[in-house]
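Just below is one structure, and these are the notes that go with it.
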Amino acid sequence: DDPQLTAREVPPPRIAPQRVVFDRGARTPLSSAVVRSSREIPLLIVTDGRDPERERALREEGAQILRADSIAEALGELRARDVRHLLVEGGAHLASALVGAGVVDRLITFQAPVILGAGALPAFVSLPSRLANATPRYRVMVRRALGADLMTTYAVSED
């Protein structure tokens, strides 16, 4: 997958979304579509500062770098830049961090009719496990088949 993180095949939005990549180690490939297009379409990469050389290389390609030590700090910096909403397509660690920080109001999951088996990465790998009766229940807002897959949208609230 080599995402561009742009709105395509729909009418252009009134305000183009800000492209933000959460990448602690600044590992986003310089050859990726999102970096290659960063001179034309602004790109902000959130890192933790562990690899200044990679950050420099990304800057040279046109990306802006935002250093933050935590999700809370990154979200605070984004808010200071007038970012009020995020549509996050991420992996298990980012999803865990955002859900764990209590900053998610909608959660969309996609379920495919496959069994990955032992060793597969759980969707929320970094969240601590809880007993079923001690975990919040999210309200299902929409459930829709997309081919053989199932998309479910949940309202996230711990009431």
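For this chain, numbers begin at 1 and follow the sequence in order. Remember, predicted model here, so these are calculated numbers, not experimental data. Side-chain atoms are counted along with the backbone in the values below, which use heavy atoms only and exclude waters and symmetry mates.
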Quick check against the 3.5 Å criterion: does [X] have a side-chain atom that pairs as donor or acceptor with the backbone of [Y]?
X: Ser96; Y: Ala92; answer: yes
X: Arg19; Y: Ile41; answer: yes
X: Asp23; Y: Thr28; answer: yes
X: Arg36; Y: Ser31; answer: yes
X: Arg54; Y: Ala26; answer: yes

For [X] against [Y], the heavy-atom pair lying closest together:
X: Ala145; Y: Leu150; answer: N-CD1, 4.2 Å
X: Tyr154; Y: Arg143; answer: OH-NH2, 4.1 Å
X: Glu55; Y: Arg50; answer: OE2-N, 4.4 Å
X: Leu66; Y: Leu44; answer: CB-CD1, 3.8 Å
X: Leu30; Y: Leu58; answer: CD2-CD2, 3.5 Å
X: Pro29; Y: Val35; answer: O-CG2, 3.5 Å

Measure the spacing between CZ of Arg144 and OG1 of Thr153 and express it to the nearest 0.5 Å.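 OG1 of Thr153 is found 7.5 Å from CZ of Arg144.
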To the nearest 0.5 angstrom, please state how far the CZ atom of Phe22 sits from the CG atom of Asp48.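 The CZ atom of Phe22 sits 12.5 Å away from the CG atom of Asp48.
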For Arg56, give me all partners under side-chain hydrogen bond (donor to acceptor under 3.5 Å, both in side chains), at least two apart in sequence or on another chain.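 Scan of Arg56 (side-chain hydrogen bond (donor to acceptor under 3.5 Å, both in side chains), adjacent residues dropped) gives Glu53, Glu60.
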Find out if a path of hydrophobic residues (ILVMFWY) with successive side-chain heavy-atom gaps under 4.5 Å connects [X] to [Y].
X: Tyr138; Y: Val140; value: yes
X: Leu94; Y: Val156; value: yes
X: Val83; Y: Leu43; value: no
X: Val103; Y: Val99; value: yes
X: Leu5; Y: Val88; value: no

Identify whether the distance between the nearest side-chain nitrogen and carboxylate oxygen of Glu73 and Arg67 falls below 4.0 Å.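 No salt bridge links Glu73 with Arg67.
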Sequence neighbours excluded, every pair satisfying salt bridge (Lys or Arg N to Asp or Glu O under 4.0 Å) that has a member inside residues 83-97: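 For residues 83-97, and leaving out neighbouring residues, the salt bridge (Lys or Arg N to Asp or Glu O under 4.0 Å) pairs sorted by first residue read Asp82-Arg84.
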Less than 4.5 Å apart, side chain to side chain, heavy atoms only: is that true for Pro17 and His85?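 When only atoms from C-beta onward are counted, His85 and Pro17 do not touch, as no gap falls below 4.5 Å.
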Indicate yes or no: at least one non-hydrogen side-chain atom of Pro42 is less than 4.5 angstrom from one of Gln64.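 Answer yes - side chains close enough.
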Could you pull out all donor-acceptor pairs under 3.5 Å where a side-chain atom in residues 107-127 meets a protein atom, sequence neighbours excluded?
residue	atom	partner	partner atom	Å
Ser126	OG	His93	ND1	2.8

Crowding at CZ, Arg27 (>12 non-hydrogen neighbours, <6.0 Å):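 Counting other residues, nucleotides and ligands, CZ of Arg27 stays at 12 neighbours or fewer.
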Take a 6.0 Å sphere around CG of Leu146 and say whether it holds more than 12 heavy atoms from other residues, nucleotides or ligands.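 Yes, the 6.0 Å shell around CG holds more than 12 heavy atoms from other groups.
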Could you tell me whether the side chains of Glu61 and Ser38 share a donor-acceptor contact shorter than 3.5 Å?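 Note: Glu61 and Ser38 side chains miss the donor-acceptor criterion.
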